[in-house]
Each structure stands twice: as C-alpha cells, then as structure tokens.
**Student:** 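I have a structure I would like to understand better, so I am pasting it below and will then ask my questions one at a time.
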Amino acid sequence: VKGVRTAAMARRPSARVAVVGAGTVATAVAVLLQRRGHEITGIWSRSPATLERARRSLPSPAFDLDAGLPEAEVVLIGATDGAVEALALRIAPHVAPGAIVCHFAGALGIAPLGAVASSGGVPCALHPVQACPDVATALRRLPGSAWGVTCGPDVQPWATSLVRDDLGGLPVVVAEGDRALWHAAAATTANGTSAVLALGEALLAALGAADPTAVLNPLAAGVVDNAREAGGGAATLTGPIARGDTATVALHLAALERTAPELRAAYALVARAVLEAARRAGRVDAHQAESIGALLGSA
Ligand SMILES: NC(=O)c1ccc[n+]([C@@H]2O[C@H](COP(=O)([O-])OP(=O)(O)OC[C@H]3O[C@@H](n4cnc5c(N)ncnc54)[C@H](OP(=O)(O)O)[C@@H]3O)[C@@H](O)[C@H]2O)c1
C-alpha cells in the first residue's frame, strides 16, 4: 500500500523536491527536474558558499536543516558518499510518510538510508555513470547517461521513469550487493581514462612537446568514438600489444629508460592492462602474451 501511495505522490504532475547537500550532481538533477516542471521546495547545504553556488543555477529557497525539511515527496541527498548515512539519520524524523529519499553514490545501495526507511520514507540509490566536474558540465552530460538504480520493487517504476523521462537517461537496475562492483566499473573507466591521458601528456612533456593535449586529445576522442561506434574497448583495441609486436614494446621501454625513467613503471602498468585486455579478447596468442609479459615484467 505504501508503494502505491508513494508512486502516486511522486507521479504528481509536479513533485515537490528538496535538496539536502547541494553537491554537483544533486544540483544538476534538481535543475533538470525543475526544467521538467517539478518544484524545488528548498535547498540546504552545509557551507554557505556551496549553497549560494547551487542557488545561482537553481533559484529556489534555502532552508535550515535544523528546523526540518520543506514539504517534499522527493528528497535528494547530494553530499559525498561518507556523509550520506549521517544525513539520512538527520533527516529521518522529518521525512514525510512515503516520501522518496535518493542519494547518488555509486558504491552505496539503499542500506545507508536505513533510518529513512525506518521512519516511513522510501530509500532509493541513483548513480549517474558520468563524470561531472561542475554543474554546467553535468547539465550537458547527464541526459543520455546511464544510471544505476537500486531500490525496493515498489518504487522501481518511479525511479526508472524519473531517470528515463525526467533526466533523459538510461536506467539500469543494480542489485544492492552489486553496487560496489558496478561502481568499480564506472570509476575504472572514468578515472583510468583520465590517468592514462595524464600519462601520455607526461610522456610528451618529457620530450619537450609544446602542447601535449593538442596532440593527444584528437587521439583520445577517436579511441572513444571507435569504442562507441564498434562495440566497445575490447572490440576496438589497436596498437603494438594487440598486434603482438614485442619489438616495438621493447623500443618503447628503452626510450623510456633513456628519457623518462620515472614514467617507465606507469607505462609498464598500463601496458600490462592492455596485454590482459588483448589476451581476453583473443587478440594475442599464448606465445605473444608470454614474450610481451616477460618484457614488461622486467620493466
Ligand atoms: N561528480 C561526479 O562526477 C559524480 C558522478 C557520479 C556519482 N557521484 C556521486 O554523487 C555524490 C555527490 O558527489 P558530487 O560530485 O555531486 O558532490 P560535490 O560537488 O563534490 O559536493 C559534495 C558535497 O557534499 C557535502 N558534504 C560533504 N561532507 C558533508 C557532511 N559531513 N555533511 C554535509 N554535507 C557534506 C559538501 O557540502 P558543502 O560544500 O556544503 O560542505 C559538498 O559540497 C557522491 O556520492 C558521488 O559519489 C558524483
């Protein structure tokens, strides 16, 4: 019965939404919801500077969390992972019966929202699989992104509809126990890509290249487009390791030793990951994998 009431409340033409912790993602989500006709009834954030920054994108009233919550069928907890549980505890006594309380932490399911559930709220974990350094970028990138949705079955139709219809995203239901691995996949892709770009930039800087990003950005964009157009990273791997070209890898290692020995270990680490991907994709045979692996193992 609670689930039916919750879904009915949240599907009002305009749901009332409160923001608790005006992080980048929550602020962008609130802006997108406001654009879709939902009403942002209040924003709270721990620091005045964050609150003011959020209110520049979201002209909604600030509220005092010590005094409770504004009227809301949906509460967005937008703080960092480590603060979600404490904020859930803090708002639990004020959450309206049947109100849906969401957080955006990829590695967490609904367990940290237990206090909210105990006091009649409905917990929901929504994880945008996107890199959002600031609100403006988030507003551009969230539509079209996938979202990991973890919640009880009664609220799942609401959550998937919110993601698909209000946020323009792709909802993917993730089991409570799978959230950490789900997040590991997202973090590896996002942060691994940035770290590998940073390594390429450092290698070119070691040569004295004037503008490493001008050299590498079109390459990076091309690699990502290849993966998007032709079945992902495993299907579109190119380069000497995927070709089983041990001699070229040996040249790389020797050049690194001469010019940028401090980057050799990082190169070898990435090359081992490339070799492992090439092996899993059946791009190198056992003999090639062994000889390149031996070369890298000594790096
Ligand atoms: N940004 C992304 O690319 C991205 C992508 C996917 C998922 N996420 C998830 O989204 C959530 C929020 O990340 P974000 O990047 O949007 O946040 P953010 O812009 O880094 O802001 C996080 C906010 O958390 C608040 N906060 C931290 N500790 C707090 C505490 N103890 N009590 C109250 N508030 C506290 C801070 O508020 P004050 O400044 O007011 O102190 C801070 O502004 C995280 O769970 C993150 O994993 C982020």
**Student:** Would you say the side-chain atoms of R164 pair up with the backbone N or O of P171, donor to acceptor, closer than 3.5 Å?
**Tutor:** no
**Student:** In terms of side-chain heavy atoms, does S57 have a donor or acceptor partner in T27 at a distance below 3.5 Å?
**Tutor:**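 There is no such pair between these side chains.
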**Student:** Any sub-3.5 Å donor-acceptor pair from T150's side-chain atoms to G109's backbone N or O?
**Tutor:** no
**Student:** Show the nearest heavy-atom pair for residues F63 and V19, with the distance to one decimal.
**Tutor:**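 Heavy atoms only, the tightest pair is CE2-O, 3.6 Å.
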**Student:** Tell me the closest heavy-atom pair linking C132 and T24, and the distance in Å.
**Tutor:** O-CG2, 3.6 Å
**Student:** For A22, is there any backbone N or O sitting under 3.5 Å from a side-chain donor or acceptor partner on T50?
**Tutor:**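 A pair under 3.5 Å: no.
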**Student:** Is there side-chain contact between L253 and L296, with at least one heavy-atom pair below 4.5 Å?
**Tutor:**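 Answer yes - side chains close enough.
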**Student:** Backbone N or O of P128 within a donor-acceptor pair of the S145 side chain at under 3.5 Å?
**Tutor:** no
**Student:** How far apart are the closest heavy atoms of C151 and P123, and which atoms are they?
**Tutor:** CB-O, 3.8 Å
**Student:** I need the minimum non-hydrogen distance between W147 and V163, along with the two atoms involved.
**Tutor:**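 So the minimum-distance heavy-atom pair works out to CD1-CG1, 3.4 Å.
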**Student:** More than 12 foreign heavy atoms under 6.0 Å from CG of L181: is that the case here?
**Tutor:**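 No.
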**Student:** Would you find more than 12 non-hydrogen atoms of other residues, nucleotides or ligands less than 6.0 Å from E276 atom CD?
**Tutor:** yes
**Student:** Report the distance from atom NE2 of H252 to atom OH of Y267, rounding to the nearest 0.5 Å.
**Tutor:**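 If we round to the nearest 0.5 Å, H252:NE2 and Y267:OH are 4.5 Å apart.
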**Student:** Mark yes or no for whether H103, through its side chain, and I77, through its backbone, hold a donor-acceptor pair below 3.5 Å.
**Tutor:** no
**Student:** Are any of the side-chain heavy atoms of L76 and V20 separated by less than 4.5 Å?
**Tutor:**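 Sidechains of V20 and L76: no contact.
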**Student:** Can a salt bridge be assigned to the pair R16 and E39 using a cut-off of 4.0 Å between side-chain N and carboxylate O?
**Tutor:** no
**Student:** Quick check: closest heavy atoms across A28 and L142, and the distance to 0.1 Å?
**Tutor:**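 For A28 and L142, the tightest heavy-atom pair comes out as CB-CD1, 4.0 Å.
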**Student:** Between Q130 (side chain) and A138 (backbone), is there a donor-acceptor pair under 3.5 Å?
**Tutor:**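 The answer is no, because no donor-acceptor pair under 3.5 Å joins these two groups.
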**Student:** Kindly give the heavy-atom pair with the smallest separation between P112 and V84, and that separation in Å.
**Tutor:**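 Closest pair (atom of P112, atom of V84, distance): CB-CG1, 4.2 Å.
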**Student:** Counting only heavy atoms not in E290, do more than 12 sit closer than 6.0 Å to its CD atom?
**Tutor:** no
**Student:** Does L162 reach the side chain of L33, with side-chain heavy atoms less than 4.5 Å apart?
**Tutor:** yes
